[in-house]
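Encoded as structure tokens, the structure appears first; notes follow it.
The sequence lines fix the lettering, A, B, ..., with proteins before strands; numbering per chain opens at 1. None of these values were measured; they are calculated from a predicted model.
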Amino acid sequence: MKTRYEPADVEPRIAQTWLDSGITHPEPEGDASENYSIAIPPPNVTGVLHMGHALNNAVQDTLIRRARQQGKRSKWILGTDHAGIATQTVVEKELKSLGSSREEIGREQFISRVWVWRERYGGEIIEQIRRLGSSVDFSEERFTMDEDYARAVMKVFVDLYDKGYIYRDRYLVNWDPGSLSAISDLEVDDREVTDTLYYIDYPLASGHGAITVATVRPETMLADVAIAVNPDDERYQRLIGETAILPIVGRKLKIIADDYVKTDFGTGALKITPGHDPNDFEIGNRHGLPHPSVIGEDGWMEGEDVPERYLGIRAAEARDAIVAELDGLGLIERRESYTHTVPFSQRSGERIEPLISLQWFMRMDELARPAIDVVKRGEIRFHPEGQGKVYLDWMEKIRPWCISRQLWWGHQLPVWYHDDGRTHVAMTPPDGPGWERAEDVLDTWFSSALWPFATLGWPEQTAELRAFYPTDAMVTSRDIIFLWVARMVMMGIEFTGQIPFSDVYVHSIIQAPDGRRMSKSLGTGIDPRDLIDGGPRPPVFASAPGEDPGEFPAYGADAVRWGLLAMSSGQDVRFNEEKVSQAQQLNNKLWNASRLVLQRVDRSARAEARPQAPEDHWILARLERARAAVGEAIDSFEFSRAALALYDFVYGELCDWYLELVKPRLYDGDPDTAATLLHVLTETVTLAHPLIPFVTEEIYGFIPGSEGLLAGRFAGASAAISDSAAEDEVQRAIAAIQAIRTWRDAADVKPSAVLSARLRADGYDQTVAHLARLGRLELSAADGDGDAAAAAIVIPGGVIEILASGDVDLDAATRKRDAKRRELESEIRRAEGKLANKGFVDKAPEAVVAAERAKLEALRAELEAL
RNA sequence: GGGCGCGUAGCUCAGCGGGAGAGCGCUCGCUUCACACGCGAGAGGUCGGUGGUUCGAAACCACCCGUGCCCACCA
């Protein structure tokens with residue numbers, strides 16, 4: 001065993017061992033109530049691992065390993081998502097670089113090309129997941145485009161259509177001119193844009209004056225169908241019901257009244273263009289207005305309402321031309337610069353063009369109702385709780401979902417249209433001539449919504465489905481609660497009659513160290529692999545702009561996992577490398593603590609708790625507390641608490657004190673000590689294993705008598721071991737040793753100097769040797785006589801008298817004693833004041849008052865001893 | 001416009017009704033036979049502000065200031 005733990009030497013080997021052992025593949029036996037399962041949020045096949053995945057995986061692996069330790073059949077369902085737009089875009093780019101395009105090679109060719117691409121690169125992310133140590137069931141990998149999965153998707157579509165949830169309609173959609181597809185509200189980002197707000201006069205039909213409207217999109221005026229004002233707006237009362245003339249086109253526009261119109265914005269008069277604006281679309285519907293269109297799906301002007309001179313030019317050009325024409329007519333009253341937010345496509349980055357389009361929609365309100373109830377009733381719990389409210393708020397006002405996409409890569413709709421206008425929706429094509437299959441595919445999230453059960457073989461009633469559905473936890477980040485989590489709940493209930501999972505853990509989004517989002521293009525993104533195996537730090541780590549940020553050391557997957565868990569909380573957090581480094585040190589510490597034990601115990605020794613001394617009882621009690629603390633933290637999804645509780649135990653109790661106290665007996669080769677140490681070591685790596693699986697597995701392999709893999713080791717429930725007398729004694733000894741060290745430092749005593757001293761204190765019967773060794777004292781019995789004390793160190797229950805020695809700076813020691821006295825006096829005053837307060841004594845709980853009294857007594861005794 | 005958070009040591013954060021904590025950084029000391037990715041000791045905070053509840057507030061309430069995110073249809 002090396003003096004340093006080298007994760008790069010260990011982790012890949014251990015990962016392979018786990019893979020070969022089969023422990024991650026449970027047999028599909030029993031039912032879901034006794035088993036444990038998690039469905040992984042399927043990464044995109046185009047994906048590479050990012051920090052979000054790393055944290056997401058760390059959390060799930062911690063949960064699944066803990067469940068496995070508790071003896072449950074535990075399955076972590078693995079798979080990837082076909083990710084419609086993202087994947088199509090990547091392959092299209094590749095085609096473009098070859099000088100071709102999807103249009104050129106045609107749909108069939110294109111799709112087979114995507115499959116080839118997927119074969120080649122789709123496995124990379126799986127490889128990366130393995131490198132993280134994630135104990136997913138690698139033997140069964142799902143893909144949302146697999147045949148079985150596709151069948152489930154088709155069945156769901158057909159069923160929902162038959163039930164009347166899915167329908168086809170002309171509706172205003174978010175049209176993405178970049179991907180040439182409709183997209184859902186959730187795939188849209190708002191960005192701030194500065195536009196020109198034009199005030200345009202629309203002459204009144206009466207010939208008396210004009211009504212002025214404000215718009216940032218004059219080109220859409222060709223599709224205006226009305227002008228709306230607020231019914232309470234006194235300025236326009238008399239005009240309601242009148243008619244205005246649409247400039248350029250000459251169409252008559254009725255002036256209508258609608259509450260939507262704000263009186264304090266623009267002119268208070270709003271041109272109504274239902275074909276190109278979501279609000280106008282709603283207003284138009286309320287008033288039974290038509291919704292003509294003047295902009296096509298490609299962003300060019302088209303339609304019967306477009307004058308010939310504007311046909312076939314881009315909307316942006318049309319805007320300039322129309323503004324020029326209006327200027328010529330003297331109808332533009334004024335212009336204003338106007339900054340507002342407008343929607344952009346998340347994928348293509350293009351500005352959304354709201355268009356009337358014939359699309360497939362899904363009515364959500366009825367499906368939402370039971371999905372709301374299960375959260376309200378607490379059958380599905382969100383962690384942190386607040387996220388449940390976010391979910392409920394969204395569900396309460398859910399809107400129809402546009403599920404068709406004008407893409408090629410995805411689940412093609414099981415829909416056929418006939419020349420004569422008939423529509424056939426079924427799992428199988430219709431008979432006879434004249435039918436053609438719908439070209440559209442489904443929104444990727446439609447298939448993702450079936451993930452927890454379609455991955456287990458649904459709609460077949462498979463053994464896997466029985467054993468592992470419903471799953472237990474869903475681990476995800478906030479940004480896909482609506483896109484994914486909500487839809488899984490709705491579909492799960494609708495098609496299986498059961499909730500798909502009982503706990504939703506919403507983890508942090510890891511931000512760059514400077515608080516910006518992590519992104520490659522910003523230079524803020526971190527590739528977890530660079531953290532694990534070593535690699536360049538991104539520019540954001542530079543101490544000054546332009547400076548070389550250097551390289552990450554090879555921290556290893558354990559360190560990255562522990563670091564991320566320690567960082568994470570209920571809210572977004574900034575990445576800080578120190579936590580990863582802290583984890584590296586923890587791993588190294590555990591490694592070296594193991595070396596201490598393993599190099600000194602006999603190979604025939606076996607782990608068994610055989611406590612002899614007070615510190616043995618103490619560490620066994622502390623171990624149980626740590627097990628309880630870590631376990632409870634994991635069970636309540638408080639991972640940073642779990643990580644830090646482990647750290648505190650390993651450093652603050654095991655290494656700093658127990659190993660130091662036990663060394664003499666260990667060096668003596670005492671068999672009881674060896675057995676107890678092996679027991680403590682085994683239980684420590686077991687308790688740490690869900691958080692840092694690699695290093696603990698490696699250590700476990702070196703423990704004499706260890707059997708099988710730690711990853712498969714059963715960790716029983718915490719036993720109630722406690723020995724308060726021993727615990728008190730050791731705590732007292734620790735405090736005493738610390739006091740001695742502090743005193744020595746203040747008195748300028750060389751660390752190597754051994755001082756003669758007398759112990760005049762009670763309660764150290766079994767720990768006096770520890771005081772002497774770790775305090776570097778030559779202790780003689782307190783017989784009252786002997787040399788005069790040169791100084792006194794206050795320890796719990798008495799003092800240690802230091803006899804005169806050239807090693808002691810008496811002045812410094814005196815200063816130290818005086819400082820201590822002042823500190824004690826001040827604390828005594830505080831305690832006395834508190835106890836003199838009638839309110840405190842009368843109203844505070846008795847235990848609190850008693851504790852305060854005891855504290856005062858102890859303080860007085862200490863002062864007295866000085 | 002609604003909603004959810006957050007402001008605690010130089011930095012990143014924990015604590016969430018009874019004597020201010022961790023890691024890193026900083027200072028001093030130490031080749032102590034597991035570990036210098038180490039060991040020991042120490043400095044450093046009017047817990048964003050104001051008011052209130054309470055015997056007692058960093059914690060609970062109100063308001064204010066600062067800050068982050070999510071949702072939403074002001075042209």
Touch class at under 4.0 angstrom, heavy-atom based, for A:Pro278 against every strand present: nothing
Between B:C73 (C1') and A:Arg286 (CZ): distance, integer Å: 10 Å
Interatomic distance at P, B:G18 relative to B:G56, whole Å: 14 Å
Between C1' of B:G15 and CZ of A:Arg641, the distance in whole Å: 9 Å
Distance below 4.0 Å between A:Gln585 side-chain N/O and B:G38 OP1 or OP2: yes
Options B:C55, B:C35, B:A75, nucleotide nearest the side-chain atoms of A:Phe840: B:C55
Carboxylate-amine/guanidinium proximity below 4.0 Å for A:Asp201 and A:Lys271: no
Nearest to side-chain heavy atoms of A:Phe265, which nucleotide of B:A75, B:G19, B:C37: B:A75
Short side-chain N/O contact to B:A34 OP1/OP2 from A:Arg600, under 4.0 Å: yes
A:Thr215 side-chain N/O to A:Arg217 backbone N/O, donor-acceptor pair under 3.5 Å: yes
Interatomic distance, A:Phe575 CZ vs B:C13 P [rounded to whole Å]: 12 Å
Donor-acceptor pair under 3.5 Å, A:Glu827 side chain vs B:G19 base: yes
Electrostatic pair A:Arg830-A:Glu852, nearest N-O below 4.0 angstrom: yes
Donor-acceptor pair under 3.5 Å, A:Glu660 side chain vs B:A34 base: yes
Nucleotide paired to B:C13 in any strand shown, Watson-Crick or G-U, under 3.5 Å: B:G21
A:Glu827/A:Lys855 ion pair, N-O < 4.0 Å: no
Test: A:Asp745 and A:Arg741 ion pair at under 4.0 Å: no
A:Tyr647 side-chain proximity, nearest of B:C71, B:G23, B:G40: B:G23
Sugar-phosphate, base or nothing in reach of A:Lys855, heavy atoms under 4.0 Å: base
Sugar-phosphate only, base, or nothing, as touched by A:Arg574 at under 4.0 Å among non-hydrogen atoms: sugar-phosphate
A:Pro845, nearest nucleotide to its side chain (from B:G18, B:C39, B:A34): B:G18
Gap between atoms CD1 and C1', on A:Ile272 and B:C74 respectively (whole Å): 12 Å
Residue A:Pro751, side-chain atoms from C-beta onward, closest of B:G29, B:C24, B:C55: B:G29
Sugar-phosphate only, base, or nothing, as touched by A:Tyr338 at under 4.0 Å among non-hydrogen atoms: sugar-phosphate
Touch class at under 4.0 angstrom, heavy-atom based, for A:Gln582 against every strand present: sugar-phosphate
Nucleotide B:C73, atom C1' - distance to CG of A:Asn174 in whole Å: 11 Å
Sugar-phosphate only, base, or nothing, as touched by A:Leu666 at under 4.0 Å among non-hydrogen atoms: nothing
Donor-acceptor pair present, A:Lys389 side chain and B:C4 base, under 3.5 Å: no
Below 4.0 Å: OP1/OP2 of B:A75 and any side-chain N or O of A:Thr273: no
Whole angstrom value for the distance that separates P of B:G23 from CG of A:Asn587: 17 Å
Options B:A75, B:G38, B:C55, nucleotide nearest the side-chain atoms of A:Ala844: B:C55
First of A:Val261 and A:Val573 reached from the 5' end of RNA chain B, by closest nucleotide: A:Val573
Sugar-phosphate only, base, or nothing, as touched by A:Asp842 at under 4.0 Å among non-hydrogen atoms: nothing
Sugar-phosphate, base or nothing in reach of A:Val848, heavy atoms under 4.0 Å: base
Under-4.0 Å side-chain N/O to phosphate OP1/OP2 contact, A:Arg399 with B:C73: yes
Residue-phosphate contact under 4.0 Å: A:Tyr5 side-chain N/O, B:C37 OP1/OP2: no
Sugar-phosphate, base or nothing in reach of A:Gly556, heavy atoms under 4.0 Å: nothing
Options B:G18, B:C35, B:C70, nucleotide nearest the side-chain atoms of A:Phe482: B:C70
Protein-nucleotide distance (A:Asp648, atom CG; B:G23, atom C1'), rounded to Å: 10 Å
Of the listed nucleotides B:C4, B:G18, B:A34, the one nearest the side chain of A:Leu659: B:A34
N-O pairing of A:Arg4 and A:Glu6 below 4.0 Å: no
Geometric class of the A:Phe382/A:Tyr391 ring pair [parallel <30°, tilted 30-60°, perpendicular >60°]: tilted
First of A:Asp393 and A:Ala593 reached from the 5' end of RNA chain B, by closest nucleotide: A:Asp393
Assigned partner base of B:C74, Watson-Crick or wobble definition, under 3.5 Å: none
Closest to the A:Asn592 side chain, choosing from B:C35, B:A75, B:A41: B:C35
Nearest-nucleotide pick for A:Tyr667, side chain only, options being B:A34, B:C39, B:A75: B:A34
side-chain N/O A:His340 vs B:A75 OP1/OP2, d < 4.0 Å: yes
Sugar-phosphate, base or nothing in reach of A:Arg830, heavy atoms under 4.0 Å: base
A:Asn174-A:Asp185 side chain donor-acceptor pair, cut-off 3.5 Å: yes
A:Trp657 CH2 - B:C39 P separation (whole Å): 12 Å
Phosphate OP1/OP2 of B:C70: any A:Arg478 side-chain N/O under 4.0 Å: no
Check: B:A75 base within 3.5 Å donor-acceptor of A:Lys262 side chain: no
Geometric class of the A:Trp591/A:Tyr5 ring pair [parallel <30°, tilted 30-60°, perpendicular >60°]: tilted
Phosphate OP1/OP2 of B:A34: any A:Lys663 side-chain N/O under 4.0 Å: yes
